[in-house]
Amino acid sequence: MKPGFCQVAIDTPLRRLFDYRLPEPPEAALPGARVRVPFGRQRVTGVVVSHSATTEVPQEKLRAVEAVLDATPLLSVEDVELLRWAADYYHHPVGEVFATALPKTLRAGRPAQAMRRCWRLTAAGHDALRADSLRRAHRQRELLAHIAAHEDCDDAALDAALSNWRAHARALQEKGLLQTSEQPQNKDAGTPPAPAPAAGPVLTAAQERAVAHLTSADVSGAFLLDGVTGSGKTEVYLRVVGEVLARGRAALVLCPEIGLTPQLLQRFEQRFGVPMAALHSGLTDTERARAWHAAASDQARIIIGTRSAVFTPIPRLGLIVVDEEHDASYKQQEGGFRYSARDLALLRGQRRGVPVVLGSATPSFESLHNVSLGRLTHIELPERAGKAQPPRLALIDMRAHAVHKGIAAPLRHAIQRHLDAGAQVLLYLNRRGYAPTLLCQSCGWIAPCRSCDARLTVHQGRERLACHHCGAEEPKPQRCPRCGYELHPLGHGTERVEETLAEMFPGIAVERFDRDSLRAPSQLNQAIERVHSGAARILVGTQMLTKGHHFPDVTLVGVLNADQSLFSTDFRAAERLAQTIVQVAGRAGRAERPGEVLIQSQYAAHPMLTMLLEQGYSGFAAGALAERDAAHWPPFARLAVLRASDTTAEGALRFLREVKALLPAPAGVLLRGPVPAAMSRRADRYHAQLLVESRQRSRLQKFLGEWMAAVETLKPPRTLRWALDVDPLEVL
Ligand code: ADP
Ligand code: ZN
């Protein structure tokens with residue numbers, strides 16, 4: 001029978017597809033193509049998901065597709081299936097899932113046309129070239145001259161002509177010497193053959209084995225590239241990607257942070273002169289659409305991006321790399337569609353029959369468990385590449401030593417020693433601002449956030465108090481509003497540590513890395529530059545410093561406070577703590593000089609810390625996994641959390657009680673709660689949650705499906721918001 005109807009994904013919170021009458025011939029609106037359809041009293045853009053010969057919608061209610069927006073489907077059948085699967089697994093409205101996968105311009109029904117970015121000199125640019133004012137910036141001058149000499153110079157043309165030009169182009173753009181415009185892509189632009197890659201270092205034996213394994217004939221499957229920090233995982237990615245390109249295929253490389261994207265991009269750019277596309281949250285809508293089209297139209301050979309890049313259509317996909325696979329940012333933790341890009345990458349690779357490489361120095365416990373189940377092939381890089389040695393780790397018991405403003409005497413001496421040796425020092429503290437608390441020493445008043453169950457953090461430089469949960473700010477009061485006595489900042493944040501270091505080590509330049517000191521990506525790049533040039537001697541910062549950076553002259557790493565997660569109730573706290581310590585420790589001694597890592601703690605005898613130091617990450621993980629097994633936590637149990645918030649504490653709890661009562665939990669599925677969240681009040685909303693757990697994924701999935709269908713029939717008050725979080729990262 002000829003299909004007369006199609007099922008369309010439309011961006012609404014309703015958990016279903018919508019039937020429409022197909023145009024003639026039905027092939028005009030193939031699955032994966034966008035269509036314009038009437039929806040209520042509106043016209044909306046949707047994506048055709050499937051065709052059918054019958055429909056349950058009564059004739060008189062059935063409406064027709066009004067216009068087909070893509071003559072050739074925008075998404076392949078596989079892309080459509082991946083999105084449908086994601087909607088099913090995360091129990092999220094399918095139309096919203098499709099909307100997540102498309103750039104805004106396409107969601108809005110704009111024509112799908114591959115665009116290219118063309119570069120031109122501004123008038124000032126021509127002047128600069130004529131006056132030869134860029135004599136000192138040799139590469140910038142070269143780039144400017146090249147663009148001046150070539151008409152219609154786009155990214156692809158520059159990729160083919162020059163290596164590593166993007167950073168220079170950005171700099172010239174910032175100086176107002178270059179400008180860009182968007183031009184439609186020529187249909188028959190075709191892909192130029194990939195030029196031979198630049199040479200890399202001679203591989204270590206372990207790298208050699210890893211590359212051989214990952215590039216052996218018709219390799220598919222999933223791999224855990226478990227390599228200590230500095231072992232050369234990126235070099236392995238580069239070689240494997242090189243093989244993929246040589247076979248005429250494209251590679252998708254996912255990375256956790258926008259801050260890391262330029263560096264990773266640069267390493268790939270230096271190696272391969274092929275068109276690349278970068279997809280991350282820092283792009284404008286046009287930039288995003290351009291990168292998306294470059295991937296979807298088979299122009300880009302390497303696609304590098306953060307979480308949502310996992311959905312990018314890539315016709316000749318040959319490999320997926322997930323770098324730092326343990327990183328929490330792969331899991332969407334806000335809004336409704338809370339997917340894991342790592343897990344979807346594994347699924348996508350499996351369906352497509354292309355290899356997926358998960359890389360980390362501190363693999364997630366899920367991945368280690370999957371290795372033991374045989375679902376991931378374990379490839380290890382046990383040693384650092386080049387001449388670098390593994391760093392020595394030691395604990396400093398803060399209760400046994402004199403501590404001055406958060407820095408214990410042994411750490412202070414070590415800093416002096418490493419500075420005297422001409423090296424750089426990195427200090428990690430997971431707390432930005434000056435001090436986490438402002439206290440009245442007379443009456444005990446503590447500056448509270450008016451909207452959250454939280455204290456305000458002192459930001460001394462700005463003379464303000466800020467809430468790190470809702471973003472509220474207020475001027476810092478001079479005196480206690482309750483008794484009029486003096487106020488004192490209590491505890492230490494990065495801003496205060498910076499001040500302390502300046503006092504302790506006069507004349508030594510300190511560079512602070514956190515979200516306050518480095519608001520723009522260009523500021524981050526400048527700070528990194530000051531570290532590389534040696535202008536900065538001590539680096540102090542938050543999480544930002546722990547990830548990916550390669551600072552060859554850092555020989556001492558200090559963890560100022562390891563205690564924040566020792567007593568957390570979250571089941572993942574131990575895993576996170578170990579990952580953070582090992583990752584930040586990995587910044588020490590990455591070149592010839594050996595590294596030293598000192599970890600300050602009030603609880604230096606805590607088994608979590610001693611176990612990590614004695615047994616290393618893998619020993620620690622094995623022990624912690626056994627505990628998870630005994631306590632029925634993931635990966636040995638499957639979890640979902642239904643989270644709700646409302647303007648009253650009771651409202652959120654009432655809704656969750658109602659939801660709980662909708663269906664009895666079947667055998668093998670347990671419902672716990674509802675309970676208020678650990679920090680219940682946030683931005684004047686009260687949060688509560690209901691935990692669903694099962695030893696079996698299939699049982700949990702079946703129950704969630706029935707349950708969500710029932711939840712949809714409820715009519716909660718307008719103030720209430722809820723979201724289901726499948727495989728939550730935390731259940732606080
Ligand atoms: P990881 O990603 O595992 O932390 P990287 O790939 O960033 O490690 O490599 C760490 C450092 O070692 C980099 O400076 C890199 O250029 C260098 N490196 C990698 N492989 C080799 C090798 N085979 N020989 C010499 N140096 C190498
Ligand atoms: Zn707040």
Side-chain angles (χ1 to χ4, degrees), residues 198-212 224-242 253-257 260 263-268 270-271 321-327 357-363 379-391 433 436-438 446-457 459 464-474 528 532 546-554 579 582-593 595 617 645 677 679-687:
V202 177
L203 295 184
T204 63
Q207 284 174 323
E208 196 81 67
R209 274 194 301 278
V211 172
L224 176 64
L225 182 63
D226 178 357
V228 300
T229 52
S231 59
K233 291 183 291 294
T234 313
E235 187 57 42
V236 172
Y237 306 150
L238 288 164
R239 300 297 171 107
V240 180
V241 167
V253 180
L254 298 177
C255 63
E257 289 280 313
L260 292 185
Q263 276 146 47
L264 203 61
L265 202 64
Q266 206 173 30
R267 283 183 76 173
F268 279 89
Q270 278 165 350
R271 187 65 58 89
V321 172
V322 183
D323 190 26
E324 309 290 359
E325 62 89 23
H326 65 278
D327 199 284
V357 182
L358 308 183
S360 178
T362 52
I379 302 180
E380 288 176 276
L381 302 177
E383 279 160 20
R384 287 188 158 183
K387 298 200 185 74
Q389 295 296 308
T437 306
L438 186 64
I446 283 174
C449 176
R450 289 173 224 277
S451 303
C452 304
D453 295 331
R455 296 166 176 185
L456 292 176
T457 299
H459 287 260
R464 290 179 86 76
L465 299 178
C467 175
H468 287 185
H469 302 281
C470 70
E473 286 201 12
E474 53 188 73
I528 290 173
H532 283 304
T546 66
K547 295 183 181 173
H549 300 293
H550 184 68
F551 298 128
D553 290 333
V554 168
Q579 286 167 343
V582 173
Q583 290 288 348
V584 67
R587 302 309 120 205
R590 287 174 67 95
E592 267 111 83
R593 288 189 274 187
Y617 185 78
S645 70
M679 202 178 82
S680 173
R681 189 169 59 111
R682 264 172 282 158
D684 287 321
R685 295 185 64 81
Y686 293 81
H687 297 252

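The chain is numbered in sequence order, starting from 1. For ligands, and for the atoms within them, numbers begin at 1 and follow the listed sequence.
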Q.
Is the contact between Pro201 and ligand 1 made by the side chain, the backbone, both, or neither, using heavy atoms and a 4.0 Å cut-off?
A. side chain
Q) Does ligand 1 have an atom that lies less than 4.0 angstrom from a heavy atom of Gly230? A) yes
**Q.** Qualifying residue, where the test is side-chain contact (heavy atoms from CB on, under 4.5 Å) with Asp453 and the options are His687, His469, Arg681, Arg682
**A.** Arg681
(Q) Closer than 4.0 angstrom, basic N to acidic O: yes or no for Glu235 and Arg271? (A) yes
**Q.** Close side-chain approach of Leu456 and Leu438, heavy atoms under 4.5 Å
**A.** no
Q: Under 4.0 Å from a heavy atom of Thr204: give me the atoms of ligand 1 that qualify, with their elements.
A: 23 (N)
Q: Look at the N, O or S atoms of His468, main chain and side chain alike, and state whether any lies under 2.8 Å from the Zn ion (ligand 2).
A: no
(Q) Out of all atoms in ligand 1, which are within 4.0 Å of some heavy atom of Leu203? Include the element for each. (A) 23 (N)
Q | Test side-chain hydrogen bond (donor to acceptor under 3.5 Å, both in side chains) applied to Thr362 and Glu325, Gln579, Gln583, the passing residue | A | Gln583
**Q.** ligand 1 atoms in contact with Val202 (distance to a heavy atom under 4.0 Å)
**A.** 22 (C), 23 (N), 24 (N)
Q. Quick one: are Tyr237 and Leu225 in side-chain contact, heavy atoms under 4.5 Å?
A. yes
Q) Which option out of His550, Lys233, Glu235, Arg267 puts a heavy atom nearest to atom 7 (O) of ligand 1? A) Arg267
Q: Please work out whether any backbone atom (N, CA, C, O) or any side-chain heavy atom from C-beta onward of Leu381 is under 4.0 Å from ligand 1, and answer side chain, backbone, both or neither.
A: neither
**Q.** Metal-centred angle, the Zn ion (ligand 2) as apex - SG of Cys470, SG of Cys467, 10° resolution
**A.** 110°
(Q) Under 3.5 Å between any N/O of Gly232 and any N/O of ligand 1: does that happen in this structure? (A) yes
Q: May I ask you to test the Val228-Glu380 pair for a side-chain heavy-atom distance under 4.5 Å?
A: no
Q: Any chance you could measure Cys467, atom SG, to Glu473, atom CD, to the nearest 0.5 Å?
A: 10.0 Å
